[in-house]
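Whatever order the structure lists them in is the order used to number ligands and atoms, beginning at 1. All of these numbers come straight from a predicted model, not from anything done at the bench.
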Amino acid sequence: MSLFEEYHPLKGRMFQMLKPDGALHPEMEPPLDDQETFHLYQKMLSIRLADQRALMLQRQGRMGTYAPIWGQEACQVGSAYPLQKRDWVFPAFRELGASLMMGIPLKTVYLYWMGNEEGSRAPEGINVLPVSIPVGTHPLHAVGTAWAAKIRKDDIVTIAYFGDGATSKGDFHEAMNFAGVYKTPTIFFCQNNQYAISVPRKIQTASETIAQKAIAYGMVGIQVDGNDLFAVYAATKEAIERARSGGGSALIEGVTYRFGPHTTADDPTKYRSEEEMEPWKPLDPLVRLRLYLKGRGLWNEEVEKRLTEEAQQEIDQVVKEAEAVPAPEVEDIFKYVYSEMTPQLKEEMEYLKEYFK
Ligand SMILES: Cc1ncc(C[n+]2csc(CCOP(=O)(O)OP(=O)(O)O)c2C)c(N)n1
């Protein structure tokens with residue numbers, strides 16, 4: 001039986017493979033071998049460290065507003081890993097993990113948050129769209145791209161990442177509807193991190209789960225433990241294979257928790273308590289995978305220290321390189337919207353250039 005049948009949203013079951021103690025559920029086989037699992041743990045750890053560094057840089061005035069991924073590493077690493085290089089990723093603004101997994105350099109991500117337009121440019125052959133700050137608009141782009149590919153008989157898959165808040169946007173429903181009707185090869189990956197800034201999940205939608213919204217649009221849906229790398233990987237892999245072979249779209253709800261602030265401009269103590277976070281702490285995706293790897297004899301404090309040092313050295317180098325890039329020109333704010341600038345844009349640009357003289 002497929003995972004989408006076994007965990008059909010109406011059955012009210014969340015798909016989990018790794019228990020919080022790091023052991024697999026009985027009768028479940030790990031979907032990844034030891035080497036791959038270790039490799040993905042290493043990725044998750046370096047993503048967390050790169051995320052922490054970004055927060056630090058922002059606090060030191062060396063980076064602009066930043067949206068941390070802290071806690072959502074398994075959602076992004078587990079779902080990006082089964083994608084092929086030719087597939088297309090449509091991120092929101094918290095997708096440090098998925099972007100790095102697809103081959104976006106960390107320097108590019110840092111440049112974006114440092115306010116440099118260069119940070120929106122993916123290297124040739126890396127199919128990751130720029131950050132989408134407007135909430136929920138990019139699932140439409142993911143569907144349009146998938147639809148075009150389907151017409152051209154290109155067997156690519158597109159994936160859109162968004163939060164629970166985005167599911168209240170009209171754009172999300174339009175995208176889901178088109179995807180269902182045209183059976184586009186699109187994965188809708190909702191990272192339900194329990195909040196849309198200060199709005200908690202329970203008042204975001206009256207639906208019991210986000211996954212169940214798939215039913216209304218005639219596509220498959222599944223709710224997975226978003227802090228369980230194995231569950232996220234297995235469900236996304238199945239969705240991708242299904243989509244690639246003409247089976248249409250899927251909605252995956254990864255149940256997770258945003259440990260950090262919404263962005264560095266947010267103060268979460270205004271709307272949630274320390275006590276509320278307590279039960280989530282042992283469910284940290286890195287902690288669980290570490291326990292699993294320890295059980296396999298692949299992890300100990302020494303290994304952690306080595307991986308951390310290696311990652312920190314790499315990050316140090318990236319920060320140096322990103323900070324050495326000259327500050328962008330004022331013109332850059334205006335230049336990239338149209339191939340030819342409108343008279344009004346030109347006027348605004350001249351005004352700002354004069355202002356900064
Ligand atoms: C169209 C639009 N409306 C409002 C905002 C302001 N805003 C930025 S992030 C956000 C909440 C998004 O929540 P969610 O989709 O759950 O993603 P998360 O931030 O939790 O990752 C809002 C309302 C925006 N950026 N775009």
Side-chain angles (χ1 to χ4, degrees), residues 47-48 50-51 54-55 58 64-80 89-101 109 112-113 115 120 128-143 159-176 186-214 221 223-227 232 251-272 276-277 280 283-285:
I47 288 163
R48 177 160 298 184
D51 188 60
L55 269 168
Q58 192 279 338
T65 303
Y66 174 71
I69 176 182
W70 184 17
Q72 299 177 213
E73 296 88 351
C75 268
Q76 295 187 24
V77 170
S79 58
V89 172
F90 295 75
F93 39 75
R94 206 181 292 290
E95 274 63 68
L96 169 70
S99 303
L100 296 184
M101 287 296 290
V109 180
Y112 173 82
W113 296 106
S120 288
V128 179
L129 271 282
V131 164
S132 175
I133 294 292
V135 170
T137 50
H138 56 292
L140 281 164
H141 309 157
V143 174
I159 182 165
Y161 290 96
F162 51 91
D164 37 305
T167 66
S168 297
K169 286 288 305 294
D171 318 63
F172 164 76
H173 297 276
E174 291 158 25
M176 292 281 288
T186 313
I187 315 301
F188 295 83
F189 198 106
C190 178
Q191 295 173 88
N192 170 7
N193 65 7
Q194 312 304 325
Y195 283 94
I197 314 187
S198 56
V199 176
R201 157 63 188 90
K202 63 176 181 300
I203 59 165
Q204 187 63 249
T205 171
S207 303
E208 209 170 305
T209 67
I210 286 167
Q212 77 189 43
K213 293 179 190 288
Q223 188 185 54
V224 305
D225 181 341
N227 287 2
V232 173
L251 170 63
I252 300 173
E253 175 188 359
V255 178
T256 181
Y257 193 81
R258 192 193 78 214
F259 282 126
H262 169 72
T263 66
T264 47
D266 171 48
D267 174 7
T269 62
K270 295 263 188 282
Y271 55 83
R272 70 182 189 191
E276 183 201 294
M277 287 176 70
W280 287 97
L283 302 176
D284 182 321

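Val135 CG2, 3.9 Å is the protein heavy atom nearest to atom 5 (C) of ligand 1. At the top of the distance list for atom 21 (O) of ligand 1, counting protein heavy atoms only, stands Arg94 NE, 2.8 Å. Taking atom 17 (O) of ligand 1 as the reference point, the nearest protein heavy-atom neighbour is Gly163 CA, 3.6 Å. When hydrogens are left out, the protein atom nearest atom 23 (C) of ligand 1 is Ile197 CD1, 4.0 Å; that is the closest non-hydrogen contact. Given atom 16 (O) of ligand 1, the protein heavy atom at minimum distance is Gly165 N, 2.7 Å. Looking only at heavy atoms of the protein, atom 25 (N) of ligand 1 is closest to Ile133 O, 3.0 Å. Ranking the protein heavy atoms by distance from atom 20 (O) of ligand 1 puts Tyr195 O, 2.8 Å first. Among protein heavy atoms, atom 15 (O) of ligand 1 sits closest to Ala166 N, 2.9 Å.
Proximity of Lys169 to ligand 1, defined as any heavy-atom pair under 4.0 Å, is confined to the side chain (atoms from C-beta onward). By the criterion of a heavy-atom distance under 4.0 Å, the side chain of His262, and not its backbone, is placed next to ligand 1.
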_Walk me through whether Phe90 and Ser132 qualify under side-chain contact (heavy atoms from CB on, under 4.5 Å)._
CA-CA 8 Å; Phe90 295 75; Ser132 175; over 6 Å; no
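Every atom of ligand 1 with a heavy atom of Asn193 under 4.0 Å away is listed here by number and element: 18 (P), 20 (O), 21 (O). Which parts of ligand 1 touch Pro134 is read off a 4.0 Å heavy-atom cut-off, strictly below it: atoms 26 (N).
Judged purely by distance below 3.5 Å, without hydrogens or angles, the side chains of Thr256 and Asn193 never pair a donor atom with an acceptor atom. Looking at Glu276 and Tyr257, their side chains do bring a donor and an acceptor atom within 3.5 Å of each other. Side chains of Lys213 and Ser207: a donor on one and an acceptor on the other come within 3.5 Å.
Atom-to-atom distance recorded for Asp164:CG and Gln191:CD is 9.5 Å, nearest 0.5 angstrom.
The protein does not reach atom 3 (N) of ligand 1 closely, with no heavy atom under 4.0 angstrom from it.
Nearest heavy-atom pair, Tyr66 versus Leu55, reported as atom, atom and distance to 0.1 Å: CD2-N, 4.3 Å. The two residues Ala160 and Pro139 come nearest to each other via the heavy atoms CB-CA, 3.8 Å.
Across Ile159, Leu251, Val89, a single residue satisfies side chain to side chain contact (heavy atoms under 4.5 Å, CB included) together with Ile187, and that is Ile159.
For the salt bridge (charged side-chain N to carboxylate O under 4.0 Å, His left out) test, no residue two or more places apart in sequence or in another chain qualifies with Asp51.
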